[in-house]
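The basis for the numbers below is simple: all heavy atoms, side chains too, and nothing from hydrogens, waters or symmetry mates. Every value quoted in this text rests on a predicted model; they were computed, and no experiment measured them. Heads up: numbering here begins at 1 and tracks the sequence.
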Amino acid sequence: MTLLRTMLFAPGNHPRRVEKALTLSADAVILDLEDAVAVAEKPATRGVAVEALRRPRRCRGYIRVNALSTEWGYGDLVAVVQPGVDGVMLPKVETADELKTADWLIAQLERERGLEIGAIDLLPIVETGLGFTNLETIARAGTRVRRIAFGAGDFTLDLGIAWSAEETELLPYRSAFVALSRAAGLEPPIDTVWIHLQDAAGFERSVAHVKAIGFQGKLCIHPDQVPVANAAFTPPAEEVARARKIVAAFKDAEAKGLASIQVDGRFVDYPIVALSQRVLDQADAIAAAEGKNN
């Protein structure tokens, strides 16, 4: 599982912001060709974004292309499936067929350019009412997609929902993303951006909430959000120590024919052990990433 606690957007046509973003502690940076780039600059920004990701960096590098339904989507994909690019973010995905088309096109470009088939990650954003109603078929499309992102900005606009700082109106939709991703065998989803940039406490609450309901990470639009989200999606040291103790104790008990025990007064069986192992796997992935970046 790729570590994606934080995915930081940067406009692909803004060299200074791109350069800064690639030096921060985000697990991935997304160079944007869509909303952050004016229509007149979209074609010219394609090559700039690709070149930026070919330079040394400490994180994974994605490019958000324009939707396939737009006049730029096809040209974006043709331009950005290149060595040095780790993944493509595909916005406003509304049907499984649309996702399959993007997957097929990326595979042909990988083959043509000598890349390993499947090397380019494909991360769809579902952000319309139609996309949400097709979420299950999108998740089960059988493509290279390993996880799905939720885009609340366009989603609330499309449905006429008032997007509040409390975000209570998003709970049923977020829960569906988590459940349907799991049912389809995908990784946990990536949550939407937080747009209230002056409300740091609200961002902390939002991140804690989506972690608690099963998301694996957060889309970020400001550098200050990155360390907060990284910390929220990183298991505390005491949780890791407890998980290690549970896994070790259960391994000893299992060797004696036991499948349920107590550890520090807490009942432990296979589901608890599986959860503890998940914590350890995440902690190991974070330690490996931080060691690589230091």
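Classified by interplanar angle (parallel below 30°, tilted 30° to 60°, perpendicular above 60°), the ring pair F150/F155 is perpendicular.
If you take CG on L186 and OG1 on T143, they are separated by 8.0 Å, rounding to the nearest 0.5 Å. Atoms OG1 and CG, from T156 and L170 in turn, are 7.0 Å apart once rounded to the nearest 0.5 Å. Between E71 atom CD and D76 atom CG the span is 10.5 Å, to the nearest 0.5 Å. One finds the CG atom of L3 at 7.5 Å from the CG atom of N230 (value rounded to the nearest 0.5 Å). Here the SG atom belonging to C59 is positioned 5.0 Å from the CG atom belonging to L22, to the nearest 0.5 angstrom.
Residues W194 and E167 are in side-chain contact: their nearest non-hydrogen atoms beyond the backbone lie under 4.5 Å apart. Between R60 and V29, every side-chain heavy-atom pair lies at or beyond the 4.5 Å cut-off.
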Are D154 and I125 close enough, and set up right, to give a side chain to side chain contact (heavy atoms under 4.5 Å, CB included), and what steps lead you there?
CA-CA 10 Å; D154 283 295; I125 316 178; over 6 Å; no
Applying side chain to side chain contact (heavy atoms under 4.5 Å, CB included), run through C220 and F9 and close with a yes or a no.
CA-CA 6 Å; C220 299; F9 282 105; over 6 Å; no
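With hydrogens and angles ignored, the 3.5 Å screen pairs no side-chain donor or acceptor of E187 with any backbone N or O of R147. Of the possible polar contacts, one joining the T23 side chain to the K20 backbone as a donor-acceptor pair under 3.5 Å is found. Panel note: side chain E169, backbone S164; a donor-acceptor pair is recorded below 3.5 Å. At least one donor-acceptor pair closer than 3.5 Å links the side chain of H222 to the backbone N or O of D224.
Side chains of D158 and T128: no donor on one and acceptor on the other come within 3.5 Å.
Among L4, D191, I30, the one residue that satisfies the side chain to side chain contact (heavy atoms under 4.5 Å, CB included) test with L219 is I30.
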